[in-house]
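In what follows, a single structure is set out as structure tokens and then discussed.
Below, each value reflects all heavy atoms present in this structure, side chains not excepted, and no hydrogens, waters or symmetry copies. Residue numbers begin at 1 in each chain, while the letters A, B, ... track the order of the sequences.
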Number of protein chains: 2
Amino acid sequence: MARRITISDVAKLAGVSHQTVSRVINNKPDVSPATRQRVLEVIKKTGYRPSGLARGLATSKTATIGMVVPDISNPFFSDIARGIETTAYERGYNVFLCNTNEEPERELEVLYSLEQKQVDGVILCGLRQKTPALLDALERFFAVVLVNRLLEEKTFPAVMIDNQTGAKEAVQHLLNLGRTNIGLLVGPAFSYSAKQRYQGYIEAMHNAGLPIQDGWIHNCIPTVEGGEQAARVLLEAHPEVNALFCYNDLVAVGAIQACHALQRKIPEDVAIIGFDDIYLAALVTPALTTCRVPLIEMGHHAMGLLLQQINEKHLGSRVITVTPQLIIRDSAPFAHELTP
Amino acid sequence: MARRITISDVAKLAGVSHQTVSRVINNKPDVSPATRQRVLEVIKKTGYRPSGLARGLATSKTATIGMVVPDISNPFFSDIARGIETTAYERGYNVFLCNTNEEPERELEVLYSLEQKQVDGVILCGLRQKTPALLDALERFFAVVLVNRLLEEKTFPAVMIDNQTGAKEAVQHLLNLGRTNIGLLVGPAFSYSAKQRYQGYIEAMHNAGLPIQDGWIHNCIPTVEGGEQAARVLLEAHPEVNALFCYNDLVAVGAIQACHALQRKIPEDVAIIGFDDIYLAALVTPALTTCRVPLIEMGHHAMGLLLQQINEKHLGSRVITVTPQLIIRDSAPFAHELTP
DNA sequence: TAGCGTCATGTGAGCGCTAACGGCAACGCT
DNA sequence: AGCGTTGCCGTTAGCGCTCACATGACGCTA
């Protein structure tokens, strides 16, 4: 492992100053073609690679952004990450992907870490905490974008999902299917998205002139297991329920499992709709009707907002909202597709 | 956005030299308790944060490692990432997770990028390329660990799966189930893992004194769609096949879909086994029998090997091999569980 | 011819940190 | 008393790059 080749080594070998080498590697115009060629040849021959650390220190820019997610295994976040990364790559930025493993206290640690690395900005997906320390930490970044979460205490540019409209349309689809006894597995009690999806459910039921049955609405952990348990409890207590709108696809898969266990046919006895359209939704049996959230597109938007902030500096509380699209599959088909 | 507080600012305010501040933040012993306290108070009051860039430049160490994966959405890789990250976190290292989006040429770009950032080492999962340029790039890193891939041209420490044993046991399970017409969806033609899983299939069939039927063996793209297509073609051409061993769980899910389309009952008509036990395997219907690869454990091993290399420097061609474990579910149950 | 502007290149300093070495005082041992 | 060791702290230089400014040569215009 030899000592690294530096800009000074290249300068000596090319017979120019270190500044000329810098001009060449940064594509500055004020270098003669002959000198440029000579320097490029030395660079190629020696395999010289600029140090990103030194460049970052000198320029206060690293062309790197941080992305923080609660769980990289969750397709919801990994699809957003893909969108962010594609846009970042196109614009010459690297993405430093940090996973907090669903441990909220690690969000602060990760932010400190990213600050030390002097990333040019951060994108936070599904923020779990909002302590004063965390808000302080966010303030120290030049550019910040939130995804799927707003903060009342401080506004940042954000990319949001129109959860209410998505939920309303999902419930409307169930109503179109002739179902009026519609249950709601609403996800975590204090979840931002859950509140909005609940509002969408309420709106659709009101629009149809139907009363809200508290017994048909259950909170649940947003996992397959959480969904299975809540659906089982709800359906056992309320066998009249003939449709379920679920907080997300994982919860919906759990509800499918509960129906199987209770010998309830899907969609004949209970129609089921999820939310997100993660890749799993099309692979389970029956294939899941769901609200597709354009996750990769959200990633593009988030990176776009961050770049604007980095380049223009004042974006205030700009919010981009994406609209879910209902994807009809077997778990809640169109009315005419349902065998009588 | 104020100018960042530096070590010199803290030194002035605390009335000491910058070197003393450095000693304090690095927990060096040769500072008096009174001086240390004074400095720590200034640090807390000013919110000073050391620059990781400057530290990296001065020490040639960044306490950061790179991890390269072909597709972060694939649970196989995201689970390995979790294992890597847990071990890295415990040892004070950050993980820079880089996704090549299944574009092999991006592997080289990502490696250049990681080199600029002067990461202390890299872990490469599922390497797709092995060009001379790529090998050169790998040589420039102080520490390198491969996951699920070896290179003939150059040895690096690696974490491997005992694909052959896993495959042999999966096929043995099918034989125990009384199936002798066992098909193999073998994955990509030039895949390292595919060759070993093929060998395991051959070994088990030979052990049972059964001839190898070439028509029962198909290559396929390692996706759900690839598996669905290959299974359909194979089962249509060879309706006598009553069991399928599949390259991985995604391919197996595809095979499940093909059986449904062909009105072949699982497992009564065709028993199916996958490989990996990604999270999806337990959620499809019927739940998938598969060889569970301890992915998180692989991540722990990979990071462990990398740390050894960073700290001790000469690990040669050390290879850790993990053994898959057969997980019996509905797609290929035990013989006594099969209804006659 | 003199002065000014442009082009190409070089010199010096600084970004923020750590390593290496030096200086000084206090203490203990011979 | 003299020497060596330890503890504490400070000064200097360097890591590898970029920015700012300076310099010399050349060409053009008044």
Checklist entry - Do any side-chain nitrogens or oxygens of B:Ser22 fall under 4.0 Å of OP1 or OP2 in C:dA19? => result no
Checklist entry - So what does A:Thr35 touch, heavy atoms closer than 4.0 Å: a base, only the sugar-phosphate, or nothing? => result sugar-phosphate
Checklist entry - By a strict heavy-atom criterion of less than 4.0 Å, which residues belonging to residues 109-118 of chain A are in contact with DNA chain C? => result none
Item to check | Interatomic distance where CD belongs to A:Gln19 and C1' belongs to C:dG14 [whole Å] | outcome: 13 Å
Could you go through residues 146-153 of chain B and list every donor-acceptor pair under 3.5 Å that involves a side-chain atom there, pairing it with any protein atom two or more places apart or in another chain?
from, atom 1, to, atom 2, distance (Å)
B:Arg149, NH1, B:Leu127, O, 2.8
B:Glu152, OE1, B:Lys130, NZ, 2.7
B:Glu153, OE2, B:Lys130, NZ, 3.4

Checklist entry - What integer distance in Å separates B:Ile7:CD1 from C:dG14:P? => result 18 Å
Item to check | Pairing residues for B:Asp9 by the salt bridge (charged side-chain N to carboxylate O under 4.0 Å, His left out) criterion, not counting sequence neighbours | outcome: B:Arg3
Item to check | Contacting residues from residues 47-54 of chain A, given that a heavy atom lies under 4.0 angstrom of DNA chain D | outcome: A:Tyr48, A:Arg49, A:Pro50, A:Ser51, A:Ala54
Checklist entry - Side-chain contact, heavy-atom cut-off 4.5 Å: A:Leu124 with A:Leu138? => result yes
Next on the checklist: Checking A:Thr64 against B:Lys117 for the side chain to side chain donor-acceptor pair (under 3.5 Å) test, could you report, in this order, the C-alpha distance in whole Å, the side-chain angles of both residues, the deciding distance, and whether it holds?
Outcome noted: CA-CA 10 Å; A:Thr64 302; B:Lys117 303 231 180 285; 2.8 Å; yes
Item to check | ring pair (Phe, Tyr, Trp, His ring centres under 6.0 Å) partners of residues 40-87 of chain B, not counting sequence neighbours, each pair once | outcome: none
Item to check | Between CD1 on residue A:Ile310 and CE on residue A:Met303, distance to nearest 0.5 Å | outcome: 5.5 Å
Next on the checklist: Listing request: all salt bridge (charged side-chain N to carboxylate O under 4.0 Å, His left out) pairs with a residue in residues 16-35 of chain B, at least two apart in sequence or in separate chains.
Outcome noted: B:Arg23-B:Asp30
Next on the checklist: Looking at A:Ser17, I'd like to know whether one of its side-chain N or O atoms comes within less than 4.0 Å of OP1 or OP2 on C:dG10.
Outcome noted: yes
Item to check | Most 5' of B:Thr20 and A:Ser8 on DNA chain D, judged by nearest nucleotide | outcome: B:Thr20
Checklist entry - Sequence neighbours excluded, which residues qualify as salt bridge (charged side-chain N to carboxylate O under 4.0 Å, His left out) partners of A:Arg82? => result B:Asp71
Item to check | Positional range of nucleotides in DNA chain D within the contact set of chain B, heavy-atom, under 4.0 Å | outcome: D:dC8 to D:dG16
Item to check | Between P of C:dC15 and CG of B:Leu57, the distance in whole Å | outcome: 14 Å
Item to check | Divergence of helical axes at both termini of the helix from C:dT1-D:dA30 to C:dT30-D:dA1 - five pairs an end, 10° steps | outcome: 60°
Checklist entry - How is B:Lys61 classified with respect to the nucleic acid when contacts are heavy atoms under 4.0 Å: base, sugar-phosphate, or nothing? => result nothing
Next on the checklist: Run the salt bridge (charged side-chain N to carboxylate O under 4.0 Å, His left out) test against B:Arg36 and tell me which residues pass, sequence neighbours left out.
Outcome noted: none
Next on the checklist: Here's a test of your reading of the structure: between A:Ile25 and B:Pro29, which maps to the more 5' nucleotide of DNA chain D?
Outcome noted: B:Pro29
Item to check | d(NZ, B:Lys12; P, C:dG16) in whole Å | outcome: 11 Å
Item to check | All salt bridge (charged side-chain N to carboxylate O under 4.0 Å, His left out) counterparts of A:Glu102, not counting sequence neighbours | outcome: A:Arg128
Checklist entry - Nearest-Å distance, CZ (B:Arg4) to C1' (C:dG14)? => result 15 Å
Item to check | Pairwise ring pair (Phe, Tyr, Trp, His ring centres under 6.0 Å) hits with a residue in residues 88-127 of chain B, at least two apart | outcome: A:Phe96-B:Phe96
Item to check | A:His18 (side chain) and C:dT9 (base): donor-acceptor pair under 3.5 Å | outcome: no
Checklist entry - Between A:Ser8 and A:His18, do the side chains contain an N or O donor and an N or O acceptor separated by less than 3.5 Å? => result no
Checklist entry - Does a side-chain heavy-atom distance below 4.5 Å link A:Val144 with A:Lys154? => result no
Item to check | Validation row: A:Ile80, A:Met67 side chains within 4.5 angstrom (heavy atoms) | outcome: yes
